[in-house]
**Q** 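Okay, here's the structure, questions in a sec.
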Amino acid sequence: MSEITAESVPEFPILRTCPFSVPETYRELEGTGGRIHRVRMSDGRPAWLVTKHDDARAVLSDARFSSEKLRPGFPELSPGGLKALTYFSPFLVNMDGPEHAQARRAVLGEFSVRRINAMRPRIRRIVDAAIDRMLEQPGRPVDLAAHLSQPVPTLVLSAFLGVPAEDLDAIERNTGKMLHEARTEDEQRAAAEALHAHLDLVIAAKEENPGDDFLSRQIDRSRREHGDAADRFELASLVQLLQIAGHASSAAMISLSVLTLLSEPEQLKQLTADPSRTPAAAEELLRFLSITDTGPLRLALEDVEIGGVRIRAGDGVLIPTLPANRDAGAFPDPDRFDIGRLPGTRHVAFGYGAHQCLGQNLVRAELQVVLDRLFHRIPDLRLATAPEALPYKYFGQFFGPVELPVTW
Ligand code: HEM
């Protein structure tokens with residue numbers, strides 16, 4: 001057993017630069033033999049880093065580790081970063097226990113396999129229209145990130161939520177202002193107020209003109225729970241959460257998936273020869289790419305022993321999905337990309353336990369349709385820039401390329 005102290009240890013987040021490789025720091029930590037490692041957050045506070053697949057699942061399914069990000073001591077990726085949460089109603093990712101379970105039950109049916117599968121024809125039309133526009137571009141190369149990865153998740157979310165795509169774009173821009181551009185607390189509060197004012201208009205418009213969509217049904221639910229008037233603050237928080245959780249993540253995943261398959265011609269050949277392999281290929285892409293490699297994060301509520309280490313109540317615990325999904329104990333030859341790897345769903349790309357990604361069926365449907373349609377319609381698609389020469393960044397918590405020039 002060991003005590004957590006802020007000594008000379010790696011700083012978290014441990015960011016990657018290569019889309020396909022686990023950062024060297026993780027391999028060095030592994031070399032030390034321990035299962036759980038001390039790291040320090042950017043504010044200097046110490047925290048525990050979990051890198052093994054078994055330990056990640058143990059922490060993520062243990063109610064003694066809290067997701068309530070406003071609890072004192074919750075690990076922060078950047079100093080002051082959690083302040084923005086105070087402007088919204090805590091929703092799902094920031095809740096624990098029965099309160100979380102109840103909030104999740106209220107929306108779970110919307111994300112069921114049945115409901116999402118019913119959206120597949122619409123997703124296919126959205127993807128095909130985006131590919132049409134790519135093909136219509138007068139010159140080459142064409143930026144696939146701008147023409148496919150960005151617009152497809154916006155239009156799919158728009159269809160799912162029942163919120164116009166232009167509003168979703170504006171919500172994303174204003175969220176960016178609040179989270180990344182505001183320099184003072186006043187500026188941050190002003191950005192949050194502008195965001196709420198816009199979301200209020202979006203909800204009011206939907207109250208006037210309900211449809212067969214997520215937001216209309218959530219307005220009905222809220223009215224039933226709160227009497228006649230829906231709780232617009234809570235609904236605004238929900239729409240904003242789904243936009244920030246659902247857009248940049250899916251966009252990064254589409255770009256990186258296309259990049260990976262175009263860099264692995266043998267695997268791509270196997271996939272296009274047998275489209276029934278698409279679901280397994282999508283799972284392997286989720287595992288191999290693990291785009292949420294700066295989280296999930298938790299706070300220990302009690303003393304708990306994990307991987308031979310006693311984690312104390314009040315300690316921060318970090319469970320990045322990338323090292324857990326590249327753990328040789330769970331996935332033989334883990335750094336090899338292999339669409340034939342089974343069973344695909346053991347990965348923790350969507351987290352695990354009570355907070356496991358609510359949007360995972362939507363992501364799967366979207367990714368599978370993109371892979372099927374793109375390589376079928378543009379069989380000689382190829383990269384116009386080598387993967388190592390592309391610019392990458394973290395879109396919030398999600399890693400991906402800024403642009404992806406392709407040609408055919
Ligand atoms: C490739 C795309 C995506 C990845 C890799 C991803 C990953 C994750 C992960 C790792 C978590 C767990 C967080 C935690 O345990 O603290 C999570 C939670 C969540 N995700 Fe996703 N996500 C993706 C797309 C989406 C989409 C498209 C939506 C919705 C439209 C969505 C909605 C959510 C929500 C609401 C939660 C919180 C669930 C809860 O706390 O109960 N995600 N996601």
Side-chain angles (χ1 to χ4, degrees), residues 6 11-15 39-47 65-96 99-100 103 163 166-204 222 230-249 251-252 292-301 313-320 355 393-399 402:
E11 185 172 314
F12 192 86
I14 298 167
L15 301 176
V39 290
R40 115 188 99 76
M41 307 307 289
S42 51
D43 61 3
R45 293 192 51 231
F65 294 101
S66 172
S67 278
E68 278 184 23
K69 298 184 175 44
L70 293 174
R71 279 180 190 270
F74 200 95
E76 281 199 84
L77 285 176
S78 54
L82 294 178
K83 175 77 191 150
L85 293 176
T86 58
Y87 304 120
F88 288 85
S89 160
F91 204 83
L92 289 173
V93 266
N94 304 332
M95 287 173 156
D96 283 340
E99 197 196 7
H100 168 259
V163 172
E166 312 78 71
D167 286 309
L168 292 180
D169 282 339
I171 292 166
E172 178 153 302
R173 271 197 311 278
N174 291 334
T175 302
K177 271 186 202 154
M178 176 181 75
L179 292 179
H180 310 297
E181 290 163 35
R183 283 173 315 248
T184 64
E185 218 175 297
D186 281 349
E187 278 181 24
Q188 194 181 47
R189 189 176 311 103
E193 281 166 8
L195 191 49
H196 268 292
H198 180 215
L199 284 159
D200 214 54
L201 293 177
V202 168
I203 294 163
S222 185
D231 181 342
R232 284 198 189 165
F233 186 70
E234 186 198 271
L235 291 168
S237 305
L238 174 56
V239 172
Q240 197 248 4
L241 167 75
L242 293 177
Q243 167 66 22
I244 50 174
H247 180 257
S249 55
T292 54
D293 62 345
T294 61
L297 314 177
R298 295 291 187 266
L299 182 77
L301 298 177
D315 285 351
V317 185
L318 324 167
I319 318 103
H355 289 274
K393 72 170 205 177
Y394 281 82
F395 299 84
Q397 280 183 269
F398 311 106
F399 176 84
V402 177

**Q** What's the spacing between Asn174 CG and Gln243 CD if we round to 0.5 Å?
**A**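 So the CG of Asn174 and the CD of Gln243 are separated by 10.5 Å.
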**Q** Evaluate side chain to side chain contact (heavy atoms under 4.5 Å, CB included) for Leu15 paired with Thr294, printing each intermediate quantity in order.
**A** CA-CA 8 Å; Leu15 301 176; Thr294 61; 4.0 Å; yes
**Q** With heavy-atom distances below 4.5 Å as the criterion, would you say the side chains of Val239 and Ile171 are in contact?
**A**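 Yes, their side chains come closer than 4.5 Å.
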**Q** State, with a plain yes or no, whether a side-chain heavy atom of Ile244 is found less than 4.5 Å away from one of Glu172.
**A**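 Of all side-chain heavy-atom pairs linking Glu172 with Ile244, none is under 4.5 Å.
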**Q** If we only count heavy atoms from C-beta on, is the Pro320 to Phe12 side-chain gap below 4.5 Å?
**A**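 Heavy-atom side-chain distance check passes, below 4.5 Å.
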**Q** Do you know which two heavy atoms are closest between Ala248 and Phe395, and how far apart they sit?
**A**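 Between these two residues, the closest heavy atoms are CB-CB, 3.9 Å.
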**Q** For Arg173, enumerate each residue passing the side chain to side chain donor-acceptor pair (under 3.5 Å) test, keeping only those at least two apart in sequence or located in another chain.
**A**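 For Arg173, no residue satisfies side chain to side chain donor-acceptor pair (under 3.5 Å) once neighbours in sequence are set aside.
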**Q** For Met95, is there any backbone N or O sitting under 3.5 Å from a side-chain donor or acceptor partner on His355?
**A**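 Side chain of His355 to backbone of Met95, a donor-acceptor pair under 3.5 Å: yes, one is there.
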**Q** Using residues 191-199 as the side-chain source, report each donor-acceptor pair under 3.5 Å to any protein atom, sequence neighbours left out, with the distance given to one decimal.
**A**
{"unit_1": "His196", "atom_1": "NE2", "unit_2": "Tyr87", "atom_2": "O", "d": "2.8"}
{"unit_1": "His198", "atom_1": "NE2", "unit_2": "Asp167", "atom_2": "OD1", "d": "2.7"}

**Q** Run the ring pair (Phe, Tyr, Trp, His ring centres under 6.0 Å) test against Phe91 and tell me which residues pass, sequence neighbours left out.
**A**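 Ring pair (Phe, Tyr, Trp, His ring centres under 6.0 Å) check on Phe91 returns nothing, list empty.
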**Q** Search all heavy atoms of Leu297 against all heavy atoms of Leu77 and return the closest pair with its distance.
**A**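 Result for this residue pair: CD1-CG, 3.9 Å.
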**Q** With salt bridge (charged side-chain N to carboxylate O under 4.0 Å, His left out) as the rule and sequence neighbours excluded, what pairs involving residues 234-248 come up?
**A**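 For residues 234-248, and leaving out neighbouring residues, the salt bridge (charged side-chain N to carboxylate O under 4.0 Å, His left out) pairs sorted by first residue read Arg221-Glu234.
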**Q** Hey, are the side chains of Leu70 and Asn94 touching, using non-hydrogen atoms and a 4.5 Å cut-off?
**A**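 The answer is no, as the side chains (C-beta and beyond) never meet within the 4.5 Å cut-off.
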**Q** With sequence neighbours left out, write down each residue that passes side chain to side chain donor-acceptor pair (under 3.5 Å) with Glu11, or none if nothing qualifies.
**A**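 Arg40.
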**Q** Which residues pass the side chain to side chain donor-acceptor pair (under 3.5 Å) test with Ser66, sequence neighbours left out?
**A**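 By the side chain to side chain donor-acceptor pair (under 3.5 Å) rule, Ser66 matches Arg71, Asp96.
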**Q** To the nearest 0.5 Å, tell me how far Phe399 CZ sits from Thr292 OG1.
**A**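 Here the rounded value is 12.5 Å.
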